[in-house]
Amino acid sequence: MATLELYSKGASVWIPDPDAVWVSAQLLQDYSHGEKHLLLQLSDGKVSLEIMSSPTGLPPLGNPDILEGENDLTALSFLHEPAVLHNLRVRFLGYSSIYTYCGIVLVAINPYEQLPIYGEEVIDAYSGQDMADMEPHIFSVAEEAYRTMTREEKNQSIIISGESGSGKTVSAKFTMRYFAVVGGATQQTSVEERVLASNPIMESIGNAKTTRNDNSSRFGKYIEIGFGRKGDIIGANMRTYLLEKSRVVFQASAERNYHIFYQLCASRELPEMRSLRLGENAPEHFRYTKQGGEMQIPGTDDLSDLERTRNAFTVLSRPDQQMELFRILSAVLHLGNVNIQASGRNSDRSYIDPGDRSLAVFSKLLGVEGPQMAHWLCHRRLAVGGEMLVKPMSGQQAVEARDALAKHIYGQLFTWTVQRLNSALRTQRGQAKSFIGVLDIYGFETFDRNSFEQFCINYANEKLQQQFNRHVFHLEQEEYIREELAWSRIEFSDNQQCISLIEGHLGLFDLLDEECRMPKGSDESWVRKLYDQHLNSEPHPHFQKPRMSNSSFIVLHFADMVQYECNGFLDKNRDTVFEELINVLKASQVDLCYISKLISFLCDWEITNLCLCGSFRQSLQLLMDTLNSTTPHYVRCIKPNDLKQPFMFDPRRTVQQLRACGVLETIRISAAGYPSRWTYEEFFSRYRVLLQGPQSEEQAQASIRKALPQLIPDPDQYCFGKTKVFFRAGQVALLEKLRAERLHVAAVIIQSRVRGWMARIRYTRILWAAVTIQRYWRGALARRLALTLRHTKAAIVIQKTYRMVVVRQLFLMIRQATITIQAFTRGTLARRRYRQLVAECAAVLLQARVRGWLARQAYRRVHAAVVFMQCCWRRRAARRELLKLKTEARSVEKYRELNKGMEVKVMQLQLRADQEVGGEFQMDLILEQDSLYKEREDLSARLLDQEKTQEECVHEAVSQASAALRAELDEERRKYQGLLREFTRLEQRYDNLREMSLLTEVQPHRRTDSTQSLSLEPLSPSPTPLSPQSLTPLSISPFPSGFPSPEEVRRDSVISLDRRASVWSTETPLIFAYVLFYVVSNYFSVLTSPLSPDTSSCPSPTKPATVTGLLECRKRDEAKLIKNLITGETEPYIRVDSALSLPPGLPASVLFLCVRQADCSGDQTRARSLCSAAVTAMKAALKVTSGFEPAWSTIWLWSNIKRAVHVMSGRLSLTENDLIRALSDLCIQAYQQLLSITEKRLQNIIVPALLESETIPGLSAVKLGTSRKRAGSDPRNVGCDVLTMASVLRELGALHTALSRQALPPTLMEQAFHQLTYLISATALNSLLLRKDICCWSRGMQIRYNVSLLEEWLRSRGLQAGGAVGTLEPLIQAVQLLQAAKKTDADAGALVQTCTTLSSQQIVKILTLYTPHSDLDERVTLNFIRTVQGLLKGRSEGQPPQLLMDVRRVFPVTFPYLPPAVLHAEQLVIPDSLKISFLHRA
């Protein structure tokens, strides 16, 4: 129990709750010893009064905030059930972390959702890493087991348990996948593929849908994966336990039979499946598949699952055996449809209709006699008094016999399949040195009705729990012994009594076997014996009888109390099938090897198997012996809810499983001893404020030993070890409280001192301000007096002047008023006279106007009368004229005269009109011309605008098309280079297999590295003719592989953990890669270089001519030339001693001049031979360098190949395309090999140098090397050299110097360092995303400074143009995320805008892992994380989830064309060390 002083006001405690199991509450007052109640405030604000009878009934205390979301439960200060439950809930719901450590146990909560945390990039991130450094993961447990196996050469076991639906099968699959990747053979044999292929087969025949899980494993399995001396997988073996055979004949509601039956029914339309007679409406047609009512699982496709199962069978066995297996499974389905009918008076007989279709199909599929099978299904043979009698069976008994036969056939078929899989997985390359076992077994089960299967399952869990308790106890004692502690034995709850009740003398199993051997044994008599033995005779504490039942019993298991129904125990334990039915199967006439072997297997089973519980107990004991002989690792899978909803946490279900799976037992064992363990450095860093006297890290242990007795008076609450100090449960919380109090007191003292100093400073400033104000005020008064005197004098002058002005203004106003009055009076008189004159003139005018109007009116009347008279007269004259004209109109001559006159008038009028129209038309033309000119100018301007727009559109379209083509070209180049890399790997694999086969022939006891072979031609050291067929990119003679497989890289990173980088020098194997790279690159360049005037032209092949400036090599000297320039004296190897001193491209230039001389002389056969020999030698040299990982020789060969390609392009008359392509491929291969070697050297130093090194001393509060370890993990190696950024820059600098010495183009160097900086950034970021100790502000400062050193180095070498600096942007933004403020919504928006290259998952992961390492910092709240997630929703839509960067990404390389200088033999300075004096200058 924790110290009572911790129950103070404000302390957090846990109280029971019926719904949430435990709820948090806060003390409202201090607790005193002897009080009977506690005043609490719940999390929802309610006040509660907790009644307790004694101090032992105090509620559990809550852990400090610093331990919120801890990834190891044993690191909690208070180890109890509510703390464990709360921590799991916070990590699962708040941080979306499904894995949590609990000492040596990994707790895995099923998220019911696909998470992007199982890709190959995650495997690469966990491979070779310490378990305590990384976030909890199933890969971390697998890596720990693999490392322990390779380091200690001891067998390992991973025990995965949990109830149905908790994710056991998925965890086991990911574990095996991890081993298949990191433990892959050097040349990737088919063993890993076979191990992974066994999963689909076992899932199809051993998994089924239940109410709790759609893919529930209905059996237990233990897979032993064997590893060789190099840590590669060489074989596997599988053992299975307790298959649920009753599911074959019966399924509960909403459940299914085994997947394989539904897969066969889904494929019934396939041609090869029609012979199985599965019907048209299957699986609804079969009794064995329709009982549960669930024919389909949502989200699954049985047809595609069967295809995956068949592919797995193809990998592991012959294809013809699949159909034999499917034939037997189909026969089981048809057997279930056999209709058994009752007969007789009391229905004591039964019969089968002779024409029963299902029986006929069953008999045909298995080749048995239908009538015999029908007879013995309804009858049985009894031995009475030495005579054999045949007794008919009732309908129910016949149905039971039929179901027993079906279960027997399926069970033996399952066992037979497992044996076949083991045969296929058995190693062919010698005995495995060690193995790792993966146990996927059912967890503790309790249902409303529990039967024989649950009894066996819970018995197995009792055994596993006992082994687990003893192992945890053993680890605790080992830790205490290693630290040399004076310890007493830790007491823990042992379940040996419950195990003895089941398997002991006269236990449940013994009485069950005895009852099964009785002729008239029954379930009722067996349960009565149990009552007599364990209730009446010798009462057992773990056995009880239910009150309301006489056919059941109760066993008190370690996890829960389970009531078992005894009905069916004896039948399931006997697991018998009638001998007559077995004999019918033995007489099968089907000529199928598989069925005949299965029948033989049935016979063997009949002899060796007597009862199921006995065989299960034996196999379980064998399993326990195996587990006890290995180092176990535990994975406990938890099902968070029964609704299968993603990230939904049900605390009641979780607590139930925690109690059943042993996690809480680990807590109890740890709490019984010293659960809290701190290294002295870590304790000194955290609690140095509590220490007294001189404080230094060198004297940390002495200071702690001196101060701790004063802090904790009870010496039993702590203990000092060699490297750690151990505390009982709750003592860390007490230290945290003392630390907080000491910090509070120190803060008060500091505040008082600071406030006094601030008050004194304020008083001084006030005094100085007062004196200054007085001085200025007195001066202001004096100035004010002087100003007053001046103002008085000025006022008198102003008054005098003002008075004068006032009097003068009054006079002027009176004068102006007088003048105004006079003016208005005179105006009035004048206007009056004027109006009088105007009136008199208007009267005269009116009279004149009226008189005139009257005269005009009289005149108009007279004028109108005269006009009317004239009109009348003229009308009369006109009528007369009209009559006359009508008379004349009848005369022709008159008409002609008139017509002539009219024509003349018309012509005159027309001429006049034309003249007038011509003028108007001319004006219109002028106006129209002006308008046309304006319109033309407008059209021209519009045309120019359209042309400009069109040109811009065309330019933009061309740019887009060019960018698309460029991207497509880069993608094709990447694919081609990837295919080339894969091709070289396969050819290297073939060469290794061929060599191993030769070694095997000479030394039969040596094992081979692979069981596969490729049909490729071997390399020949002798020159071969060069032809297009032999030099195409994919059919060229075998390339050596310059790339170690990813598995080899990871394995080397695991095995050689202590390897540290050193400066590249001529004494290391890297010199050979440099030389090889140099040859290839320069030979590539020389082939395309322009020639001198003497060698620029070449005569035709049929007309040789003498050309100067070349080198001549005789036929007999070609092999010597190749050996001296490229290969060694006795074996294919680069001459390192002289290659470094040669000018760049000298060997390539010599080879080109020799080939050129042979080509110009007309001897193309010799030219082809020399070219082919050079290419073959380069391939051999590149192959040899790939085995020894030389970078210097690779650089040397690459530069020469590149020079050769540039020189020979277009300069030879022989067919050159294939030669150039072959050399180009060699150049790409050498480039990739160089990067692979460099990446391998950098891989182990990136994380220590970039993330862990403290380039800025004293910035980090806690060193990573002294981080707290979880229980059971291995201590970190001490005394190793600390890697810093100088190590990384040294490696990069050596590579840059080597490339610069070969005069390679800058663009190639930029591409190479672009690839390397991407590797550095991706590796560092992946490690940061998986390590909680890295995600803090101080560590972010260190990382940013280290990255700045790398950026400065790249810029100083001029490598920033190739994108090398840009690849560091994700890492830089991640560091900025660690350093930025993370509190308000504005901070969240700034983070989202800043971190543009990071994915949403990466940003949330960093915020989740952020852990403050000092009291000045705070954790990131869940509300802030949810705010960031809301802002990132738009960005994450349409993008695949990405957590880790792909460290295997390879950027395509492009070799620029740079024509070299003119070549001439006289220009070459050939040193004597090459020994090529036999060449003649031509």
Yes or no on ring-ring contact (aromatic ring centres under 6.0 Å, His included) for Tyr634 and Phe468, after CA distance, side-chain angles and deciding distance? CA-CA 8 Å; Tyr634 299 94; Phe468 171 75; 4.7 Å; yes
Does Leu627 form a side-chain contact (heavy atoms from CB on, under 4.5 Å) with Tyr222? I'd like the steps, not just the answer. CA-CA 10 Å; Leu627 295 179; Tyr222 182 71; 4.0 Å; yes
Check the pair Leu1443 / Val122 against side-chain contact (heavy atoms from CB on, under 4.5 Å), numbers first and verdict last. CA-CA 9 Å; Leu1443 178 61; Val122 183; 5.7 Å; no
Phe219 and Tyr241: CA distance, side-chain angles, deciding distance, ring-ring contact (aromatic ring centres under 6.0 Å, His included) verdict: CA-CA 6 Å; Phe219 68 102; Tyr241 305 95; 9.5 Å; no
For Val1447 and Asn1326, run side-chain contact (heavy atoms from CB on, under 4.5 Å): C-alpha distance rounded to whole Å, both residues' side-chain angles, the deciding distance at 0.1 Å, then the answer. CA-CA 9 Å; Val1447 295; Asn1326 290 350; 3.4 Å; yes
Test log, rule side-chain contact (heavy atoms from CB on, under 4.5 Å), inputs Val141 and Met131: CA-CA 7 Å; Val141 176; Met131 191 174 186; 3.8 Å; yes
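Residues Leu421 and Met202 form a side-chain contact, since some pair of their non-hydrogen atoms from C-beta on lies under 4.5 Å apart. Val438 is listed as a side-chain neighbour of Phe179, based on a closest heavy-atom distance under 4.5 Å. Lys154 is not listed as a side-chain neighbour of Met149, based on a closest heavy-atom distance of 4.5 Å or more. In this structure the side chain of Val1247 never reaches within 4.5 angstrom of the side chain of Leu1328, judged on heavy atoms. Residues Leu88 and Ile638 form no side-chain contact, since every pair of their non-hydrogen atoms from C-beta on lies 4.5 Å or further apart. Between Ile159 and Val635 there is no side-chain heavy-atom pair separated by less than 4.5 Å. Between Asn155 and Ile436 the shortest side-chain heavy-atom distance does not fall below 4.5 Å. In this structure, Leu623 and Leu439 have side chains that are in contact, with non-hydrogen atoms separated by less than 4.5 Å.
If you take CG on Asn461 and OH on Tyr442, they are separated by 9.0 Å, rounding to the nearest 0.5 Å. With values rounded to the nearest 0.5 angstrom, Ile158 atom CD1 is found 11.5 Å from Thr631 atom OG1. Interatomic distance, CD1 of Ile117 versus CG of Leu1329, reported as 12.5 Å (0.5 Å rounding). The OG atom of Ser1287 sits 12.0 Å away from atom CG of Asn1244, with the distance rounded to the nearest 0.5 Å. Taking CG of Leu1319 as the reference point, atom NZ of Lys1240 lies at 13.5 Å (rounded to 0.5 Å). Note that CD of Gln1402 is 11.5 Å distant from NZ of Lys1405, once rounded to the nearest 0.5 Å.
In terms of modelled atom types and a separation under 3.5 Å, the side chain of Arg1339 and the main chain of Leu1251 share a donor-acceptor contact. No side-chain donor-acceptor contact under 3.5 Å links Lys433 to the backbone of Arg229. Panel note: side chain Thr1323, backbone Ile1320; no donor-acceptor pair is recorded below 3.5 Å. Remark: side-chain polar atoms of Arg177 are not paired, donor with acceptor, to backbone N or O of Ala172 under 3.5 angstrom. When atom types are taken as modelled, the side chain of Thr723 and the backbone of Gly721 share no donor-acceptor pair closer than 3.5 angstrom. One N or O on the side chain of Thr1408 and one on the backbone of Val1404 form a donor-acceptor pair closer than 3.5 Å. One N or O on the side chain of Gln657 and one on the backbone of Lys639 form a donor-acceptor pair closer than 3.5 Å. The closest donor-acceptor contact from the side chain of Arg147 to the backbone of Gln129 lies under 3.5 Å.
Taking the six-membered ring for Trp and the full ring otherwise, the centers of Phe435 and Phe227 sit at least 6.0 Å from each other.
For Lys173, the salt bridge (charged side-chain N to carboxylate O under 4.0 Å, His left out) criterion is met by Glu203, not counting sequence neighbours. Applying the salt bridge (charged side-chain N to carboxylate O under 4.0 Å, His left out) rule to Arg239 yields the partners Glu224; only residues at least two apart in sequence or on another chain are considered.
Residues Asp133 and Asp1333 share a closest heavy-atom pair of O-OD1, 3.9 Å. In terms of heavy atoms, Arg1331 sits closest to Glu1252 at NH1-OE2, 2.5 Å. For the residue pair Tyr101 and His137, the shortest heavy atom distance occurs at OH-N, 4.2 Å. For Ser1321 against Leu1371, the heavy-atom pair with the smallest separation is OG-CB, 3.8 Å. The two residues Asn87 and Gly69 come nearest to each other via the heavy atoms OD1-N, 3.2 Å. Nearest heavy-atom pair across Ala145 and Gln156 is O-CG, 3.3 Å.
Side chains of Asn1346 and Gln1342: a donor-acceptor N/O pair is absent below 3.5 angstrom, by distance only. A donor-acceptor contact closer than 3.5 angstrom links the side chains of Ser217 and Thr169. In this structure, a donor-acceptor pair under 3.5 Å is present between the side chains of Ser157 and Thr630. In this structure, a donor-acceptor pair under 3.5 Å is present between the side chains of Thr1317 and Thr1367. Checked by atom type, the side-chain pair Thr1238/Glu1291 shows no donor-acceptor distance below 3.5 Å. In this structure, a donor-acceptor pair under 3.5 Å is absent between the side chains of Tyr99 and Glu135. In this model, no donor atom of one side chain and acceptor atom of the other lie less than 3.5 Å apart for His633 and Glu144.
Cation-pi contact between Arg151 and Tyr146: absent, since separation from the ring centre below 6.0 Å together with deviation from the ring axis within 45° is not met.
Between Tyr118 and Phe174, the ring-plane angle classifies as parallel under the 30° and 60° cut-offs.
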Which atom pairs, one a donor and one an acceptor, fall under 3.5 Å between side chains of residues 105-113 and the rest of the protein, sequence neighbours left out?
residue : atom : partner : partner atom : Å
Asn110  : OD1  : Tyr112  : N            : 3.1
Asn110  : ND2  : Gly165  : O            : 2.9
Tyr112  : OH   : Gly165  : O            : 3.1

